Number of protein chains: 2
Amino acid sequence: MAELPFPDLDPTSDRAVFRQIADHIRHAIERGTLAEGDKVPSEAQLMQHYGVARMTIRNALQVLQGEGLTVAEHGRGVFVRSHPPVRRLASDRFARRHREQGKAAFIAETEGAGGKPTVDSIKITEERPSADVAELLGISSEDQVIARSRRYLINGQPVETAVSYIPAEIARDTRIAQPDSGPGGIYARLEELGFRLDRFVEEIRSRMPLRDEVRALKLAPGVPVFHLVRTAYAADGRAVEVCDTVMSSDAYVLSYELPAR
Amino acid sequence: MAELPFPDLDPTSDRAVFRQIADHIRHAIERGTLAEGDKVPSEAQLMQHYGVARMTIRNALQVLQGEGLTVAEHGRGVFVRSHPPVRRLASDRFARRHREQGKAAFIAETEGAGGKPTVDSIKITEERPSADVAELLGISSEDQVIARSRRYLINGQPVETAVSYIPAEIARDTRIAQPDSGPGGIYARLEELGFRLDRFVEEIRSRMPLRDEVRALKLAPGVPVFHLVRTAYAADGRAVEVCDTVMSSDAYVLSYELPAR
DNA sequence: TTGACGTACTCCTCTAGAGGAGTCATAAAT
DNA sequence: ATTTATGACTCCTCTAGAGGAGTACGTCAA
């Protein structure tokens, strides 16, 4: 059996054994001794190398998994997590000139980067808005909204879920309430309806995903999500859409330009 | 002993016992049966209630901790995590009109929100930039930069660490290279030096913290961080500063305004 | 060549213990 | 009144097992 590239435990340290082991493996990953996609030595190998019980090894591996450094595959082994190519979202991604190309923002960007975009599980309902959404839209929570929910995938890998809320008064019986919202997406439709879009405000949070989100985005353990809420304002100052999206944090880098004025 | 507010296990389910238990507790937290700050029943109580081994209970609690829903305090118990008040960072936070008040952005904002701001562990070095920083600043990685690192706290609670890199050619022997950079902060100094700031570009990532970051920000388990890199551009298009900051995700909501043009 | 099967290896779940260490309240000693 | 000791309760670490289930791969029969 080949020697493992890990030092021995330090019995004088007050650091718990499983943490020391996690430190060794983490260090190997950071140095590149274990590269992306590499297999971490098996539980049995590690048990033998360190001479500790299996649970101690599992605790160590658990730590790394929680840090998002590794993923375990049942029956195959534990692997150093490889990071997928990220999408960089620029702050001009909703500029009108892009919309006029006739493609929705997501499709245009993804194709531009050489990926295959898909949109999935499109559901449209009419409902009462939550208090938050009503507040952002500046309407009463008694009023109805059209909720368009969907999931975005790149090369079959889910990266984002989104729900748009548009006041029913605006969107009812328009193409916005149809699964296929047409060329340029719903922002193009809103402009056709006379709501010239003026600005968007995005609020960004970062947190660990809920269980449903883990499933919908096929998230590896230890991967947080961006929670982004965008409000679209028309030229008259009226909010015409709120879009609530959850994005896998390792699929995205968000980029914004701020004026110094 | 009081009855615990959890149902029995479903022995027919193929869901692992510890996951079922985690589900019960998570559900109680979501419904509010267990409110923020409440103590989760102790391991012993849960063992007795469910009639399972202690490790099974600990696994369940581990799941919740990994989700950032609970924190364990050695010797005291496990508690539902309470979320501190968040700071909302607006996209005009670096506007010149704020700088002219004579206060650095962080101080002004925090006092405005009624908190006590502190800046901590200020260290200034002159060094060679990393490849990333050199690229953003548009300089060679042979050139020197001034690195200003510091930590921000609100009411004694660390919320953010930041390192600013400014080309040494610009900042050497100026107040920027002093621990106290003077009224209005380094952006005010840069403008005094003739670099009229034009725009900032911020790139945002979200990820789990490294070990050092957990320590520096006193992060609870299961709390991700924002990793934000801001580049400041002068009116001539030259990059004059790169600021690399790591923020506790439960202390911040980031807000940006995007033009629709 | 193909497909079924077995086997070895992997991680997953769970049990049943043990000692350690931090916290807190109370009782005893000063 | 203050300090010190004690004990109950908490979570933390670790051991030593057991059976389960998914994966990879070689063997053997069709």
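So you know, we letter chains A, B, ... as the sequences are listed, proteins then strands, and number each from 1. Only heavy atoms go into these numbers, but all of them, side chains included; no hydrogens, no water, no symmetry mates. Fair warning: this is a prediction, and the values are worked out from it, not measured in the lab.
In this structure, Thr56(B) does not reach the dC14(C) phosphate: none of its side-chain N or O atoms is under 4.0 Å from OP1 or OP2. Under 4.0 angstrom from either OP1 or OP2 of dA16(D) there lies no side-chain N or O belonging to Arg54(A).
Rounded to whole Å, the distance from CD on Glu43(B) to P on dA8(D) is 19 Å. Between the C1' atom of dA16(C) and the CZ atom of Arg58(B) lies a distance of 15 Å, rounded to the nearest Å. Computed from coordinates, the Ile57(B) CD1 to dT10(D) C1' distance equals 15 Å when rounded to whole Å. Straight-line distance from the CD atom of Gln48(A) to the C1' atom of dC9(C): 15 Å, rounded to whole Å. For His74(B) and dC9(D), the NE2 to P distance is 16 Å, given to the nearest whole Å. Protein atom CE of Met47(B) is 9 Å distant from nucleotide atom P of dT15(C), rounded to whole Å. Summarising the geometry, the separation between CZ on Phe18(A) and C1' on dT15(D) is reported as 15 Å, rounded to the nearest angstrom. Atom pair Arg19(A):CZ and dC14(D):C1' shows a separation of 13 Å (rounding to whole Å applied).
The 5' end of DNA chain C is approached more closely, in terms of each residue's nearest nucleotide, by Ala44(A) than by the other of Val17(B) and Ala44(A). Summary of the strand contacts: Ser42(B) and Arg15(A) both lie near DNA chain D, and taking for each the nucleotide with the nearest heavy atom, the more 5' one is attributed to Ser42(B). Comparing Ala16(A) and Arg76(A) by the nucleotide of DNA chain D that holds the closest heavy atom to each, the one mapping nearer the 5' end is Ala16(A).
Side-chain N/O atoms of Tyr165(B) and Glu127(B) include no donor and acceptor closer than 3.5 Å. At a cut-off of 3.5 Å, with distance as the only test, no side-chain donor of Arg207(B) or Ser206(A) sits close to an acceptor on the other residue. For the 3.5 Å distance criterion, the side chains of Thr245(B) and Arg230(B) fail to qualify, holding no donor opposite an acceptor.
For Ala53(A), counting side-chain heavy atoms from C-beta on, the closest listed nucleotide (dT13(D), dC14(C), dA16(D)) is dA16(D). In this structure, of dT10(D), dT15(D), dT13(D), it is dT15(D) that holds the atom nearest to the side chain of Met55(A).
Contact check on Asp250(B) versus Arg205(A) returns no salt bridge, with no Lys/Arg side-chain nitrogen under 4.0 Å from an Asp/Glu carboxylate oxygen. Taking 4.0 Å as the cut-off between side-chain N and carboxylate O, Arg88(B) and Glu203(A) count as a salt-bridged pair.
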